[in-house]
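Since the structure comes first, as structure tokens, the remarks are kept for the end.
Just so you know, ligand 1 is whichever comes first in the structure, and atom 1 is the first atom listed for that ligand. Fair warning: this is a prediction, and the values are worked out from it, not measured in the lab.
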Amino acid sequence: MSSLEVYINGSFYPKQEAKISVYDHGLLYGDGVFEGMRAYGGRIFRLQQHLDRLYESARAILLEIPMGSQDLADAVLETLRRNQLQDAYIRLVVTRGAGTLGLDPDRTSDPQIIIIADKISLYPDEYYQNGLEIVTASTIRNHPAALSPRIKSLNYLNNIMAKIEGKLAGCAEALMLNHKGEVAECTGDNIFIVRRGRLLTPPIDAGILEGITRNAVIELASSEGISVQELSFTRHDIFVAEECFLTGSAAEVIPVIKLDRRPIGNGQVGPITKQLIQAFHGLVRSEA
Ligand code: PXG
């Protein structure tokens, strides 16, 4: 297959030639926003919701995206077509643009709009079949008064530090708590538990990213007749839960069978998790 083509500000470049300035504040300071989404059968799952979240993230950091939502949607779809991808992972990035060596965002110009469409790299199938083990990171999620966790900014060091802790403990994901010690989310995924037959997930004000997969699973659970509530909980609730799983655009719905080396429920992938994984696959196919 020919080289992937990357969209930058209205033009397409072969992957190796897709470059932006080293003076870009996205690189120098992580000053910018992004989205990660998935395409199924050539259609992007919940594209409008991803775009809405991107524009909200940008607005929250006073970054004006120099392109309307409809044109950006067209650009995303064009990037997918050009690369002849049906099932793909799409990364949409908007940086503050090149500027002077100083934090001042007013001394930058030309925000860069970058769209990369590439093959999806999934977790090994083993994890979907048998479940993941996760550990609690000592790195907490961003304090909302420092930087809102609702902003999907290019500053992911907080989550990367937690991810490193997870990997050092031999786990592919790590649980992050909020500044109150409650469960927030994992480094790139939202979390759900099943307790006494009910599905629970932390509310947005627990300091999490409002995941699009999370919201889809909440809707799915309701339509499947599973009681679902957005409620704050602690690690205790996971230790005594029957089931646990994570959701994210990249991971989709993935079971968790151990937290901090302690089995959750009977240590096997649970029936409600299996039901929701199935339902999620049905949903993405039906929307594709
Ligand atoms: N929480 C956080 C902190 C995220 O970054 C999610 C939850 C899930 O949200 P969606 O909308 O995707 O259901 C995310 C987003 C990766 C990767 O490479 C994943 C995300 C972001 C960046 C990289 O796995 N997930």
Between the protein and ligand 1, which nitrogen or oxygen pairs come in under 3.5 Å, and how far apart is each?
{"unit_1": "ligand 1", "atom_1": "1 (N)", "unit_2": "Glu185", "atom_2": "OE1", "d": "2.6"}
{"unit_1": "ligand 1", "atom_1": "5 (O)", "unit_2": "Lys152", "atom_2": "NZ", "d": "3.2"}
{"unit_1": "ligand 1", "atom_1": "5 (O)", "unit_2": "Tyr156", "atom_2": "OH", "d": "2.4"}
{"unit_1": "ligand 1", "atom_1": "11 (O)", "unit_2": "Arg53", "atom_2": "NH1", "d": "2.9"}
{"unit_1": "ligand 1", "atom_1": "11 (O)", "unit_2": "Arg53", "atom_2": "NH2", "d": "3.0"}
{"unit_1": "ligand 1", "atom_1": "11 (O)", "unit_2": "Ile212", "atom_2": "N", "d": "2.8"}
{"unit_1": "ligand 1", "atom_1": "12 (O)", "unit_2": "Ser249", "atom_2": "N", "d": "2.8"}
{"unit_1": "ligand 1", "atom_1": "12 (O)", "unit_2": "Ser249", "atom_2": "OG", "d": "2.6"}
{"unit_1": "ligand 1", "atom_1": "13 (O)", "unit_2": "Ile212", "atom_2": "N", "d": "3.3"}
{"unit_1": "ligand 1", "atom_1": "13 (O)", "unit_2": "Thr213", "atom_2": "N", "d": "2.9"}
{"unit_1": "ligand 1", "atom_1": "13 (O)", "unit_2": "Thr213", "atom_2": "OG1", "d": "2.6"}
{"unit_1": "ligand 1", "atom_1": "25 (N)", "unit_2": "Gly188", "atom_2": "O", "d": "3.0"}

Please confirm whether the backbone N or O of Pro144 pairs with a side-chain atom of Asn142, one donor and one acceptor, at under 3.5 Å? no

Quick one: sort the Tyr123 and Tyr128 rings into parallel, tilted or perpendicular, breaks at 30° and 60°. tilted

Does atom CZ of Phe239 have more than 12 heavy-atom neighbours, drawn from other residues, nucleotides or ligands, at distances under 6.0 Å? yes

Closest heavy-atom contact between Asp118 and Leu85? N-CD1, 3.9 Å

According to side-chain contact (heavy atoms from CB on, under 4.5 Å), who are the partners of Asp24, at least two apart in sequence or on a separate chain? Ile20, Thr95, Gln112

Please report the closest heavy-atom contact between Leu80 and Ala117, naming both atoms and the distance. CD1-CB, 4.3 Å

